[in-house]
Structures are given as structure tokens and as C-alpha cells.
**Student:** 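Please find one structure pasted underneath; my questions will follow.
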Amino acid sequence: MATAHGMEHPDVNEKHDGITGPGASQEHQAPHSNNWHQRRDLASWGHGYAPPEGASLQPGVFKPYEHRKFANPAPLGLSAFALTTFVLSAINMEARSVTVPSVVVPLAFGYGGLVQLLAGMWEMAVGNTFGATALSSYGGFWIAYGLLLTPSPWGIMEADGPYEGDTSSPVGFFLTGWFIFTTILLICTLRSTVAFFLLFFTLDIAFLCLSVEHYAHDMGNDVAATNLKKAGGFFGFLAAFLAWYNALAGIQDSSNSFFTVPVIHFPWSDKGREQRAKKASIV
């Protein structure tokens with residue numbers, strides 16, 4: 001079976017000394033306050049293969065590059081995505097009667113854009129093709145969205161801009177492209193975990209609703225457009241909390257938490273089959 005970046009790997013049930021989140025075959029131990037604690041960063045990765053799970057934003061078994069000492073960049077990127085998506089989704093749902101998304105612009109440039117893009121670059125450094133593609137792309141999305149909402153010097157959405165205020169279909173095309181891209185990533189999560197899959201599923205539905213909203217507005221159906229916008233906000237809201245959930249799974253370990261959140265491996269995934277085989281051997 002090929003990894004996300006084309007490397008071959010042996011039987012995934014073999015032991016390895018790296019752990020990036022819940023579900024790894026063997027847990028790395030590190031001293032802390034005269035005790036030993038499980039670690040969930042990438043510093044211990046020297047050999048072996050990491051299992052698929054959302055805490056490291058990796059849907060398939062892959063082998064990190066050797067001799068690199070990096071923390072897990074996925075929780076940072078997921079958190080940047082989550083917070084920016086949370087704020088925009090609340091506005092799309094017209095929470096507390098707020099309808100103007102101006103407050104999203106600084107978040108889109110700073111946290112959801114720049115910070116998430118940097119996290120994506122660090123994913124590339126640790127050899128995680130999926131994580132690098134997802135985080136870098138969504139970082140680019142937020143920067144592009146911030147540019148759309150910036151009145152000067154671009155003024156793309158303004159009445160005196162290039163579309164003379166008629167931006168419904170162009171923005172619909174923009175969001176449709178992101179719906180297609182998210183669908184591609186969603187397909188790549190089908191052998192990972194339920195938490196990881198649901199993150200991309202809810203985000204995919206959010207992009208679909210928001211793109212169709214703009215087409216409905218262009219056709220003059222304002223009632224449908226408003227309902228689709230609120231539906232897109234709702235699914236974006238869910239995606240934000242699922243991103244935070246996966247980020248928490250990547251940050252937690254026994255040195256900083258008394259519990260770890262479950263991510264639930266799909267039964268047909270490699271890790272799911274391994275867990276069933278382990279239970280069967282005990283019985």
C-alpha cells in the first residue's frame with residue numbers, strides 16, 4: 001500500500017515509537033515530574049509509521065521524514081481554521097442580528113490565513129502531504145476571502161469594482177471551487193476516523209450551501225438565498241467545533257490532561273481492523 005506521498009510501508013500492525021494522537025500502536029513515553037507520560041508530538045519520530053487519525057491531520061498511514069525534531073503542527077492549523085470559521089459562521093447565521101462580516105477580515109488575514117498557511121508549510125516539513133495540502137490551501141482560502149471583503153485598494157465586491165456590484169455568480173464560482181476541493185479531501189478521509197471525516201463532511205456541505213446561496217441570490221430568490229446562507233453558517237459552525245475537537249485530540253497527552261477525547265476509527269480502516277483483531281485475541 002502506498003503512503004500519501006508515494007512511499008511503501010510494511011504491515012501497519014508492526015510496532016513503532018512515534019505517536020501523533022489517539023490510536024497509535026505504541027505510545028512514546030517522556031519523563032515529567034518524576035513520572036512517565038505519553039507524548040503526542042512528532043519529536044520522537046525517527047522510524048516507524050504513523051497511523052491515520054485527525055489529530056495529526058493525516059488520513060492514511062505514512063512515514064514521517066527521519067531525523068527531524070518537530071512538534072505536531074496540525075492542532076495549530078486546525079485551531080486557526082476553527083476560530084475564523086466559527087466567527088464567519090455565526091455571522092452567516094445572523095447570530096445576535098450581526099450580518100456584516102467585516103470583523104472576519106483581520107482573522108482571515110492573520111489567524112485563519114497566515115498562521116494556518118505557516119502550519120501547512122510545517123506539515124510539509126514533517127512529510128505529511130495531506131496536512132500540508134489541506135492547511136496551506138485553507139490558509140490561502142482565508143487570505144483570498146479577506147481580499148474579497150477588503151474595499152480598498154481591490155474593491156472587488158464594491159459597486160464601482162470590476163463586477164459593478166453584481167458579484168453573486170462570481171463569488172458562487174469561487175465557493176463552488178472550494179466545495180470541489182473539499183470533496184477531494186473528504187474522499188481521502190474515508191479510512192481514517194469518524195471525527196476527521198465529519199470535519200470535512202460538514203465543511204463540504206457548508207461550501208455547497210454557501211455557493212448555491214449566491215446562485216439563488218443572482219436568480220432573485222432572496223428567501224432561498226437567506227435560508228441557504230443560514231444553513232451554510234450552521235454547517236460551518238459544526239465544522240469549526242469539529243476542527244477544535246480534532247485539534248484537542250492532537251494536543252492532549254497524559255502530561256497535560258486527565259483524559260483524551262475519542263476519535264473513533266472506522267471499522268474498515270487499518271487501525272479499526274487492528275483494534276478488532278486485538279479484542280478477538282483477548283476473547
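For the numbers below, each heavy atom of this structure counts, side chains included, while hydrogens, waters and symmetry mates do not.
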**Student:** Could you please spell out the steps behind the side-chain contact (heavy atoms from CB on, under 4.5 Å) verdict for Thr176 and His214?
**Tutor:** CA-CA 10 Å; Thr176 299; His214 284 81; over 6 Å; no
**Student:** Do you know which two heavy atoms are closest between Thr167 and Met157, and how far apart they sit?
**Tutor:**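 In terms of heavy atoms, the two residues are closest at OG1-CE, 3.7 Å.
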**Student:** Counting distance only, does the side-chain N/O of Ser269 pair as donor-acceptor with the main-chain N or O of Gly272 below 3.5 Å?
**Tutor:** yes
**Student:** Does the separation of the ring centres of Phe130 and Phe196 fall below 6.0 angstrom?
**Tutor:**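 Yes, the ring of Phe130 comes within the 6.0 Å limit of the ring of Phe196, centre to centre.
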**Student:** Is there a side chain to side chain donor-acceptor pair (under 3.5 Å) between His217 and Ser168 once you walk through the steps?
**Tutor:** CA-CA 7 Å; His217 186 271; Ser168 293; 2.9 Å; yes
**Student:** Measuring only between side-chain heavy atoms, which start at C-beta, is Phe207 closer than 4.5 Å to Thr183?
**Tutor:** no
**Student:** Closest approach of Asp270 and Arg191, non-hydrogen atoms and distance?
**Tutor:**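 Closest approach of Asp270 to Arg191, heavy atoms only: OD1-NH2, 3.0 Å.
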**Student:** Let's go through Ser169 and Tyr163 carefully: what are the C-alpha distance in whole Å and the side-chain angles of both, what is the deciding distance for side chain to side chain donor-acceptor pair (under 3.5 Å) to 0.1 Å, and is it a yes or a no?
**Tutor:** CA-CA 10 Å; Ser169 287; Tyr163 298 106; over 6 Å; no
**Student:** To the nearest 0.5 Å, what is the distance between CG on Leu175 and OG1 on Thr182?
**Tutor:** 10.0 Å
**Student:** Please examine the side chains of Val100 and Ile91, heavy atoms only from C-beta on, and report whether any two atoms are closer than 4.5 Å.
**Tutor:** no
**Student:** Please check if atom CZ in Phe181 has more than 12 non-hydrogen atoms from other residues, nucleotides or ligands closer than 6.0 Å.
**Tutor:**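 Result for CZ/Phe181: enclosed.
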**Student:** Evaluate Trp142 against Leu88 for side-chain contact (heavy atoms from CB on, under 4.5 Å), listing each step before the verdict.
**Tutor:** CA-CA 11 Å; Trp142 282 117; Leu88 179 60; 3.6 Å; yes
**Student:** Does Phe179 belong to the same Ile/Leu/Val/Met/Phe/Trp/Tyr cluster as Phe173, with side-chain heavy atoms less than 4.5 Å apart forming each link?
**Tutor:**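 In one cluster: no.
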**Student:** Enumerate, atom names and distances included, each donor-acceptor pair closer than 3.5 Å involving a side-chain atom of residues 73-86, sequence neighbours excluded.
**Tutor:**
unit_1	atom_1	unit_2	atom_2	d
Ser79	OG	Pro75	O	2.8
Thr84	OG1	Ala80	O	2.9
Thr84	OG1	Gly112	N	3.2
Thr85	OG1	Phe81	O	2.7

**Student:** Does Phe201 CZ have over 12 foreign heavy atoms under 6.0 Å away?
**Tutor:** no
**Student:** Using side-chain heavy atoms (C-beta onward) and a distance below 4.5 Å, is Leu149 in contact with Ser102?
**Tutor:**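 Contact flag for Leu149/Ser102 side chains = no.
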**Student:** Is there a side-chain contact between Ser192 and His265, using heavy atoms and a 4.5 Å cut-off?
**Tutor:**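 No. Closest side-chain heavy atoms not under 4.5 Å.
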**Student:** Counting only N and O atoms by type, is there a donor-acceptor contact under 3.5 Å from the side chain of Asn246 to the main-chain atoms of Leu199?
**Tutor:** no
**Student:** Identify the residue among Leu208, Asn92, Leu203, Ile205 that makes a side-chain contact (heavy atoms from CB on, under 4.5 Å) with Phe235.
**Tutor:**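 The single option meeting the side-chain contact (heavy atoms from CB on, under 4.5 Å) with Phe235 is Ile205.
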**Student:** For a 4.5 angstrom cut-off between non-hydrogen side-chain atoms, does Phe234 reach Thr202?
**Tutor:** no
**Student:** Do side-chain atoms of Ser257 reach the backbone of Phe259 as a donor and acceptor pair under 3.5 angstrom?
**Tutor:**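 Flag set: sc Ser257 to bb Phe259 pair under 3.5 Å.
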**Student:** Which pair of non-hydrogen atoms, one from Thr99 and one from Glu94, has the smallest distance, and what is that distance?
**Tutor:**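 Heavy atoms of Thr99 and Glu94 come nearest at CG2-CG, 3.7 Å.
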**Student:** Please determine whether side-chain contact (heavy atoms from CB on, under 4.5 Å) holds for the pair Ser137 and Trp178, giving the CA-CA distance in whole Å, both sets of side-chain angles, and the decisive distance to 0.1 Å.
**Tutor:** CA-CA 9 Å; Ser137 295; Trp178 286 103; 4.1 Å; yes
**Student:** With rounding to the nearest 0.5 angstrom, report the OG1 to CD distance, Thr150 to Glu158.
**Tutor:** 10.0 Å
**Student:** Report, as yes or no, whether the 6.0 Å neighbourhood of atom CH2 on Trp122 holds more than 12 heavy atoms from other residues, nucleotides or ligands.
**Tutor:** no
**Student:** Roughly how far, to the nearest 0.5 Å, is the CZ atom of Phe174 from the OG atom of Ser211?
**Tutor:**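 The distance works out to 11.5 Å.
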**Student:** Taking the side chain as every heavy atom from C-beta outward, state whether Val103 and Leu107 have any pair of such atoms under 4.5 Å apart.
**Tutor:**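 No, too far: nothing below the 4.5 Å cut-off.
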**Student:** Give every donor-acceptor pair under 3.5 Å between a side-chain atom in residues 220-232 and any protein atom, sequence neighbours left out.
**Tutor:**
unit_1	atom_1	unit_2	atom_2	d
Asn221	OD1	Ala224	N	3.2
Thr226	OG1	Asp222	O	3.0
Asn227	ND2	Val223	O	3.3

**Student:** Say you draw a straight line from CE of Met124 to OG1 of Thr129; how long is it, rounded to the nearest 0.5 Å?
**Tutor:**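 Rounded to the nearest 0.5 Å, the CE-OG1 separation comes to 8.0 Å.
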**Student:** Between the main-chain N or O of Leu190 and the side-chain N or O of Trp268, is there a donor-acceptor pair closer than 3.5 Å?
**Tutor:** yes
**Student:** In sequence, state the C-alpha distance, the side-chain angles, and the governing distance for Phe241 and Tyr245, and then conclude on ring pair (Phe, Tyr, Trp, His ring centres under 6.0 Å).
**Tutor:** CA-CA 6 Å; Phe241 279 98; Tyr245 186 92; over 10 Å; no
**Student:** Nearest 0.5 Å, please: how far is CG in Leu114 from CD1 in Ile143?
**Tutor:**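 One finds 6.5 Å between CD1 of Ile143 and CG of Leu114.
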**Student:** Specify the closest pair of heavy atoms between Phe197 and Leu186, including all atoms of both residues, with the distance to one decimal.
**Tutor:** CE1-CD1, 3.4 Å
**Student:** I want to check something: taking the side chain as every heavy atom from C-beta on, are Gln275 and Lys278 in contact at a cut-off of under 4.5 Å?
**Tutor:** no
**Student:** Is Met219 atom CE crowded by more than 12 heavy atoms from other residues, nucleotides or ligands, each under 6.0 Å away?
**Tutor:**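 No, not enclosed.
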**Student:** Is the Phe141 ring parallel, tilted or perpendicular to the Tyr145 ring (thresholds 30°, 60°)?
**Tutor:** parallel
**Student:** Could you grab the distance from atom CG of Leu198 to atom OG1 of Thr189, nearest 0.5 Å is fine?
**Tutor:**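 Leu198 CG to Thr189 OG1: 8.5 Å, rounded to 0.5 Å.
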**Student:** Run the side-chain contact (heavy atoms from CB on, under 4.5 Å) test on Asp166 and Glu164 for me, step by step, so that the C-alpha distance in whole Å, both residues' side-chain angles and the decisive distance to 0.1 Å come before the verdict.
**Tutor:** CA-CA 6 Å; Asp166 186 15; Glu164 299 180 348; 5.8 Å; no
